[in-house]
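One structure below.
Note that the coordinates shown come from a computational prediction; the quantities given were computed from them, not determined experimentally. Just so it is clear: chains get the letters A, B, ... in the order the sequence lines come, proteins before strands, and each one is counted from 1. Atoms considered below: every heavy atom in the structure, side chains included; atoms not considered: hydrogens, waters and symmetry mates.
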Amino acid sequence: VVPGADSSSRQLCFAWGPAEVLVCETLFGRAGGSRSRCLSRSPCPSRFWGEGRAGAAARALTDSVAGTEDGAPSSSRVFVVRRDQDIYIQTLRKLFNESHGIFMGLQRSEEELAGKSRKAQLVQVSKNYRSVIRACMEDMHQAAVSTRDPALQGQYSTQVSILSAMELIWNLCEILFVEAATAGPLLLRLLDWVRLHVCDVDSMVRDVLSSESPAKHKLFWNVVDIFVLQGRMDEARHLLSKEASTNPTSMNMYKILDDLMKKMPVPSLSNTQTLTELELKWQHWHEECQRYLQDGTFASNPHMESICKILLGDEDAILEKKELMTTWYHFLVTRLLYSHPTVKPMELRFYAQSSMDLFLGGESSPEPLDLILMAAFEFEMHQVIKECSIVLSNWWFVAHLTDLLDHCKLLQSHNLYFGSNMREFLLLEYASGLFSHHSLWQLGVDYFDHCPEYGRVYLELHIERIPLSTEQKALKVLRICEQRQMHEQVRSICKIMAMKALRNNRLGSALSWSIRAKDAAFATLISDRFLKDYCERGCFSDLDLIDNLGPSMLLSDRLTFLGKYREFHRLYGEQRFAEAARLLLTLMTAHIAPCSFWMTLLTDALPLLEQKEVIFSAEQTYELMRCLEDLTAGNPDKQKFQDDDVETTKVEMLRLALARNLARVIVKEGTVEGS
Amino acid sequence: QDNRISIWSAGDLGNAGLNGEYHGEPHLLCDIQHNGDVMDMQFLDQERIVVASSTGTVTIFRHHQNNQTLSANHRWDKAHYHVDQDTSCGGAACTGVVCNNPEIVTVGEDGRINLFRADQKDAVRTIDNADSSTLHAVTFLRTTEILTVNSIGQLKIWDLRHQRNEPSQIFSLAGDRVPLHCVDRHPNQQHIVATGGQDGMLSIWDIRQGTMPVSLLNAHEAEMWEVHFHPSDPDHLFTCSEDGSLWHWDTSTNVSEKPSFLHQGGRSTAYLSHSTINQSVVSAWLSNDPTKDRMEITNLIPNQTLSVNSLDVLGPCLVYGTDAEAIYVNRQLFA
């Protein structure tokens, strides 16, 4: 929804841009009652490009709007709607850059590793992603704490909570999908997960532990309860011992409870016991707890009694501690710990659904986060991704998670209606968002590379529209295009840069760009420019360039001519007349010189013809005459120039000089040496 | 766009762990906003930094060490610009800056060379249209001579004492005129110059003789952005490139034969006859015989992804920055 654009009273018009959508209010009132779309998430086919495109487009829009009706100036505003606002948040840049590194590492990692080692590798990748999210959360938290602007602070805090939710979801997906924990270790992982993410208790715990006599603290039993609820038996026992020491009457009760807690069987990560063994042991222990409870051992101390009930997995007892657990998934894990420690992954969904219902109890409805987690417990990966896409404001999370799950070979090729699969679709969306950023676009390139179907096409379209503010940026873009054999884009970019250079009178730069693109046509253009300058001013500009053309001279005929012509001048300057003469003639006879330049060349021949020494041989003189005749006779338009005095004089002088030279050379060549 | 100049502390040596390794990360001391991309920068003296911007502006920033702040001390706007006024800003990127306190020389995409003095408002000298193409980098050859490289593969020497606007010498590559992007001069032997090209080739020149490079070394697969001789140990050379690698070129084969010039800032005098010094040290970079002098080349980056744009080296420390918006500090280069 675009804030400020009142779609109920005015019709809105819009224009696409490469990364933005321009929305403008028009003078037309609303006819029907159609609702406006949510414009902030549209994909964008891009046909707009050039510098200042947003400005130009805005001008075009307001012009066209103002022209309607009776020419009354509209007070319409133009809104620039950007798709990915998140990429402009400074603190998130670390997330994008680091995750790019992890993504690339994953794409390049060994596919041949099978079974356990591959799984361990993928779990490590997942952990890396999560640590990046956490690092970002830290930075964001620091920023929120240190800023004084309340609006910014609010923004940062929101970001922190979004990031923490993302990490929560990712962690659960790691446990259930990537690591695919089996019954036994599954519970341990879930316990870790809960302990890590439900941290509201940490401050309370700190308070109690750091007070002088923890047992007397009013929150003491809360802390013990939360330890028990999270299966942190050792810490609970440690605290209880403090209570026991201050209250010797309950020593007996304490000892029994402590014993029960110590003996509680938990799944282990190593293979020392099978599930059946664990279940047996657990059954025994459960019965023992039951006995003590029924005997009324803890009757005198309601706190301890409730703990015993929790140990027995009594749902009501656990639910009583709702405020301590704060979330339904904590409730779920506690329930599982104390009633079904050997739960299998596929059974999770039933417990999850019932836990959520019991916990929320019909008072509140599930939030988006709850639905996502529920989908995860039900092993509905596609549902998880879909829900996340809807809720989160940018594609980072779903793109990377889906890519990881795809590498775990967990996503069936779920063909979306326009042909690519889900992983590719999400990566394309994410990378396209990156391209609207002035420097994060480089990351986007690598993402497109790893989208086999449409990546290349997307890259070709996007890369031409990056604004090239400095030559260095242009070089980077060019290198990317060259590495991927995107020849058309190379030519196009080099042409843009060469034109810019030409307009700024940087002829050397322009030539350097056309050499890079092997663009003969442009090289011809530049040479013509040089030659034009020469004709106008009578001398060459940028001699350092023309004198040092080297092999690039061969790029275009005109360029070759330019180089050779300059060489002619050099030879003349060094008084190597014979060579200069030969070169001059070759320029015309070999048709290296353009016809328009022949007059100039012939005029250059004049001083050579007028030298005291005879330079041109008879053959050469005949050639020159022929060239002159070709020039004057060939073109009927030349009749007009017959009236031009300068031209006619030139031609006459040439004819005279040629004739005289011919005379001298015939005599010279006819003279017999010696005698 | 939000570009900033930042000063980081890479930690004190006193915080080294048990193994002598430093485990902390560099942390930000202070920063200041900068208009345009930072194309090049160099310390003028202990407190002042000269920064070249893509808008054509050259700025001197002062780092106040007592309260850890940065402030803009002096600015030369439009140090580099294009003549055509049709372009919206008219500024041309300033691509290179080199300092020799109090003199500052800058070059840019407009082919212009500027000579500034730190305390003077206007440029001391400007050579307009010094080059018809973009000047990519500049360095001092002697106190009155500078070297520039451009995008048509030429290395030019300019003598600033002379008033004419022509280079005193032009060197170029044989073959294709590949643009040169960076240049550095050997710290002790001023006739040895290294340049890096757009094709990733490292060229070593002897400017006393010939107009072509002495050796061409096929190095990187993409543009070489920076080349640096180690200031105190010039047998070591470092290059970084768009292809994401940073190479360490080591020609110090037989340490016992060669006199070591500088160790940790001190100067040790080597009592060798003049001819021996010339012979044993010159051969390191200028030798054409690969069998006689081995050169060790190591890539210092294990997982390369994006371009390494810039590097600097001093003593045992190497610092470089990449396009993945990361700065890396290596404090034990020769360990």
* Sub-4.5 Å side-chain heavy-atom contact between B:Asn129 and A:Asn505 -> no

Just checking A:His141: does its NE2 atom have more than 12 heavy atoms from other residues, nucleotides or ligands closer to it than 6.0 angstrom? no

Of all heavy-atom pairs linking A:Leu440 and B:Glu325, the shortest is CD2-OE2, 3.7 Å

In terms of heavy-atom pairs under 4.5 Å with chain A, the winner among B:His136, B:Met39, B:Glu166 is B:Met39

Interatomic distance, CD@A:Gln442 vs OG@B:Ser307, rounded to 0.5 Å, equals 7.0 Å

Between the CZ atom in A:Arg503 and the NE2 atom in B:His82, the distance rounded to the nearest 0.5 Å is 10.5 Å

Would you find a donor on one side and an acceptor on the other, under 3.5 Å apart, between the side chain of B:Arg177 and the backbone of A:Pro551?
-> no

**Asked** Taking the side chain as C-beta and beyond, is there a heavy-atom pair between B:Val178 and A:Ile515 under 4.5 Å?
**Response** no

In this structure, CD1 of A:Ile102 is separated from OG1 of B:Thr305 (nearest 0.5 Å) by 11.5 Å

Honestly, the part of B:Gln198 sitting under 4.5 Å from a heavy atom of chain A is both

Which of A:Gln483, A:Arg479, A:Gln472 passes side chain to side chain contact (heavy atoms under 4.5 Å, CB included) with B:Glu242? It is A:Arg479

Margin query: Please check this pair: side chain of A:Ser509 against backbone of B:Thr134, looking for a donor-acceptor N/O pair closer than 3.5 Å.
Written below: yes

When every non-hydrogen atom of B:Ser133 is compared with those of A:Gly508, the smallest separation belongs to CB-C, 3.5 Å

Heaviest contributor of heavy-atom pairs below 4.5 Å to chain B, chosen from A:Arg516, A:His100, A:Met104, A:Lys94, is A:Arg516

From the list A:Leu475, A:Leu507, A:Asp446, A:Leu511, the residue making the most non-hydrogen contacts under 4.5 Å with chain B is A:Leu475

Q: Flag yes if more than 12 heavy atoms outside A:Lys127 fall under 6.0 Å of its NZ atom; otherwise flag no.
A: yes

The interface call for B:Ser172 against chain A, heavy-atom contacts under 4.5 Å, is side chain

Check this for me: A:Met137, atom CE, are more than 12 non-hydrogen atoms of other residues, nucleotides or ligands nearer than 6.0 Å? yes

Between B:Gln304 and A:Arg108, the two heavy atoms sitting closest are O-NH1, 3.3 Å

Can you tell me if CZ on A:Arg134 sees more than 12 non-hydrogen neighbours from other groups inside 6.0 Å? yes

- For A:Lys564, does the NZ atom sit with more than 12 other heavy atoms under 6.0 Å from it, leaving out its own atoms? no

Checklist line | Ion pair check, B:Asp323 and A:Lys476, cut-off under 4.0 Å | finding: yes

**Prompt:** Would a 4.5 Å heavy-atom cut-off, applied to side chains only, mark B:Thr95 and A:Glu471 as touching?
**Reply:** no

Heavy atoms of A:Thr470 and B:Ser54 approach each other most closely as CG2-CB, 3.4 Å

Turns out that what part of B:Ala324 lies under 4.5 Å from chain A's heavy atoms comes down to both

